[in-house]
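Report on the structure given below.
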Protein chains: 2
Amino acid sequence: MDSCVIPLRHGGLSLVQTTDFFYPLVDDPYMQGKIACANVLSDLYAMGVKTCDNMLMLLGVSNEMSDKERDTVVPFIINGFKDLAEEAGTMVQGGQTVLNPWLTIGGVATTVCPPNEFIEPGNAVVGDVLVLTKPLGTQVAVNAHQWLDEPERWNRIRLVVSEEDVERAYQEAMFLMSRLNRTAAKLMHKYNAHGATDITGFGLLGHAKNLVQHQKNEVSFTIHNLPVIAKMAAVAKACGNMFQLLQGYSAETSGGLLICLPREQAASFCKDIEGEDKLQSWIIGIVEKGNRKARIIDKPRVIEVTPKIA
Amino acid sequence: MDSCVIPLRHGGLSLVQTTDFFYPLVDDPYMQGKIACANVLSDLYAMGVKTCDNMLMLLGVSNEMSDKERDTVVPFIINGFKDLAEEAGTMVQGGQTVLNPWLTIGGVATTVCPPNEFIEPGNAVVGDVLVLTKPLGTQVAVNAHQWLDEPERWNRIRLVVSEEDVERAYQEAMFLMSRLNRTAAKLMHKYNAHGATDITGFGLLGHAKNLVQHQKNEVSFTIHNLPVIAKMAAVAKACGNMFQLLQGYSAETSGGLLICLPREQAASFCKDIEGEDKLQSWIIGIVEKGNRKARIIDKPRVIEVTPKIA
């Protein structure tokens with residue numbers, strides 16, 4: 001699943017560890033550093049681990065950058081990564097930097113903990129509900145924002161969104177991608193979560209399918225609601241089959257957690273997250289009896305999520 | 001130093017962790033996988049850690065390879081990496097693969113252990129000797145081997161080596177780079193080592209300088225002997241200042257450990273390694289009173305190391 005769990009030789013402890021690296025997708029290097037850090041940590045949070053003991057940073061500096069570009073951009077990336085690690089209550093101690101044609105940024109997150117500090121992802125039961133902690137549409141927003149400078153592509157979507165809509169969606173996407181899923185990890189314990197995963201490159205349904213295949217019980221996931229960054233569902237529709245957002249396959253970066261929670265506790269879970277993080281979560285589906293399939297219903301309700309940040 | 005050491009929240013344990021990745025340097029993908037694995041683990045062994053609890057593999061697959069090249073080469077790299085991890089008594093559980101212009105291969109090695117399982121590198125005392133567990137010259141051998149196909153460069157060295165010499169040195173370099181420094185790590189405990197580092201990109205003297213700067217006592221390192229893969233000293237000399245091998249700065253990949261050992265125990269240490277691994281080690285220098293400098297004497301003794309393997 002999202003992190004590997006290795007039983008250790010000492011004290012009944014386990015090593016929970018994950019790595020991720022990718023290429024920049026936003027044009028603000030400081031935010032890019034934060035997003036990379038949030039993305040790495042998210043794999044731990046999906047296991048209900050709220051304390052990361054160490055991070056390593058993995059950096060590939062592009063050999064096609066000028067000295068000036070490099071000296072300007074790279075410190076911002078590093079500082080963004082480190083600042084978010086600090087916000088997560090951990091540190092970056094160690095890592096590696098190499099020259100590479102493409103700029104790359106990623107890391108490793110490691111925790112050593114007793115079994116009660118992590119939550120196995122495979123214990124969903126019939127009657128659970130599925131909660132999602134961030135809206136979908138980050139990739140759509142990032143791409144639409146790039147198209148502001150590409151008239152041919154912009155023409156495909158200009159009938160459904162304004163430049164202001166796209167700018168706002170892009171800012172919201174950056175904000176969301178750089179948010180930690182840490183509060184959700186903590187509350188998974190309080191509200192007896194039965195398993196979770198984080199939504200990234202395979203999209204909501206891709207990761208839901210992966211999670212349901214790891215269930216011990218004979219269950220299926222049915223998704224009814226799709227919270228989406230405002231206007232991005234319209235953009236995705238205007239682009240035909242390009243994103244597959246409403247089909248559940250649009251890639252997300254540093255997306256939300258998809259969590260199986262007892263039905264009677266889910267509303268309190270969402271309320272607590274909103275109280276602590278000022279961020280909405282949504283009950284998007286249910287766990288039913290079945291043969292480990294996940295699906296989105298034919299006409300899901302699309303929830304337009306309007307940015308709350310200034 | 002070579003690995004980060006993080007005190008943990010549980011049981012007086014520490015997290016010892018390192019990462020490394022680089023680009024291929026030999027043309028045998030299986031050996032390249034082994035070399036990458038040995039290189040990552042070497043940072044743990046330099047801390048006297050002989051048990052690795054988990055490895056992650058970091059792979060960048062070149063987008064310039066054809067499907068056929070990729071499907072042929074990548075499994076060999078992965079298997080080489082995994083096989084050597086198994087030889088080291090550990091496993092590869094987790095990792096990340098991305099597409100990248102350049103092929104990259106590396107990993108993360110992690111151990112959780114009590115303080116008596118690792119050896120702080122900074123406790124050398126006057127009277128210690130310096131032991132090196134692999135000969136120098138891997139980069140010279142790899143480059144000379146490439147020059148077999150580049151007549152202009154080959155002409156610079158053909159007066160001092162034969163094609164057979166170069167082929168033999170290259171095979172020996174591959175063998176050495178893929179050897180684990182694990183026996184040395186184990187014997188560092190038995191023979192009361194006062195600190196160590198592994199020799200990689202900065203060369204013998206570069207890493208010796210780094211190690212001496214981390215010493216608690218006011219000591220200096222003086223190096224008298226340079227064990228070098230047979231004929232590679234002559235090749236380096238014929239290339240002028242290109243490699244800086246005899247000056248101590250020729251890069252090594254997955255080189256030996258440089259270990260500070262009590263003088264009276266060093267010979268037994270070398271004998272034990274040879275007994276277990278069939279690999280020679282050398283006493284190459286001494287620890288003297290000083291202000292944390294490392295140097296190679298004016299006319300060091302170059303020890304021609306003839307391959308023992310068939």
Side-chain angles (χ1 to χ4, degrees), chain A residues 1-23 39-40 43-44 51-60 62-64 89-115 117 200-201, chain B residues 1-23 39-40 43 51-60 62-64 89-117 200-201:
Chain A
M1 289 296 303
D2 297 301
S3 301
C4 59
V5 178
I6 319 284
L8 292 170
R9 299 164 287 145
H10 305 285
L13 298 167
S14 292
L15 177 70
V16 185
Q17 193 165 45
T18 182
T19 183
D20 221 339
F21 55 97
F22 54 45
Y23 308 103
N39 192 55
V40 173
D43 287 327
L44 286 190
T51 305
C52 173
D53 288 316
N54 190 43
M55 296 194 79
L56 307 173
M57 196 189 307
L58 307 174
L59 201 57
S62 174
N63 58 5
E64 287 163 19
T90 185
M91 284 171 305
V92 180
Q93 290 200 62
Q96 161 98 335
T97 303
V98 296
L99 274 177
N100 192 56
W102 294 348
L103 189 67
T104 62
I105 168 82
V108 179
T110 302
T111 288
V112 175
C113 63
E117 284 191 21
T200 55
Chain B
M1 288 297 303
D2 296 301
S3 301
C4 59
V5 178
I6 319 283
L8 292 171
R9 299 164 287 146
H10 305 285
L13 298 167
S14 292
L15 177 70
V16 185
Q17 192 166 46
T18 182
T19 183
D20 220 339
F21 54 97
F22 54 47
Y23 308 103
N39 192 56
V40 173
D43 287 327
T51 305
C52 173
D53 288 315
N54 190 43
M55 297 194 79
L56 306 172
M57 197 189 307
L58 307 174
L59 201 57
S62 175
N63 58 4
E64 288 163 18
T90 185
M91 284 172 305
V92 180
Q93 291 200 64
Q96 162 98 335
T97 303
V98 296
L99 274 178
N100 193 55
W102 294 348
L103 188 67
T104 61
I105 168 81
V108 178
T110 302
T111 288
V112 175
C113 64
N116 65 347
E117 283 191 22
T200 56

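Chain naming here is simple, since letters A, B, ... match the order of the sequence lines and numbering starts at 1 in each. The structure displayed is predicted, hence computed values, not measured ones.
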Checklist entry - What distance do B/Leu58 atom CG and A/Leu58 atom CG have between them, rounded to the nearest 0.5 Å? => result 6.0 Å
Checklist outcome for this item: Sorted by chain and number, sequence neighbours left out, salt bridge (charged side-chain N to carboxylate O under 4.0 Å, His left out) with A/Asp43 holds for none
Next on the checklist: Heavy-atom pairs under 4.5 Å with chain B: which of A/Thr111, A/Asn63, A/Val5 has the most?
Outcome noted: A/Asn63
Checklist entry - Can you name the nearest heavy-atom pair linking A/Leu56 to B/Cys4, along with the distance? => result CD2-SG, 4.1 Å
Item to check | Choice from A/Val108, A/Leu13, A/Thr18, A/Asp53 maximising heavy atom contacts with chain B below 4.5 Å | outcome: A/Asp53
Checklist entry - Among A/Gly60, A/Gly11, A/Gly94, A/Pro114, which has the most heavy-atom pairs under 4.5 Å with chain B? => result A/Pro114
Checklist entry - Taking atom OG1 of A/Thr110 and atom CG of B/Leu8, what is their separation to the nearest 0.5 Å? => result 10.0 Å
Item to check | chain B contact via A/Thr104 - side chain, backbone, both or neither, heavy atoms under 4.5 Å | outcome: side chain
Next on the checklist: With side chain to side chain contact (heavy atoms under 4.5 Å, CB included) as the criterion, how do A/Phe21 and B/Asn100 come out once you've worked through the C-alpha distance, each side chain's angles and the decisive distance to 0.1 Å?
Outcome noted: CA-CA 11 Å; A/Phe21 55 97; B/Asn100 193 55; over 6 Å; no
Checklist entry - With chain A, which of B/Gln93, B/Gln17, B/Met91 has the greatest number of heavy-atom pairs at distances under 4.5 Å? => result B/Gln17
Checklist entry - Taking A/Arg9 for the side chain and B/Val112 for the main chain, is one N or O donor matched with an acceptor at less than 3.5 Å? => result yes
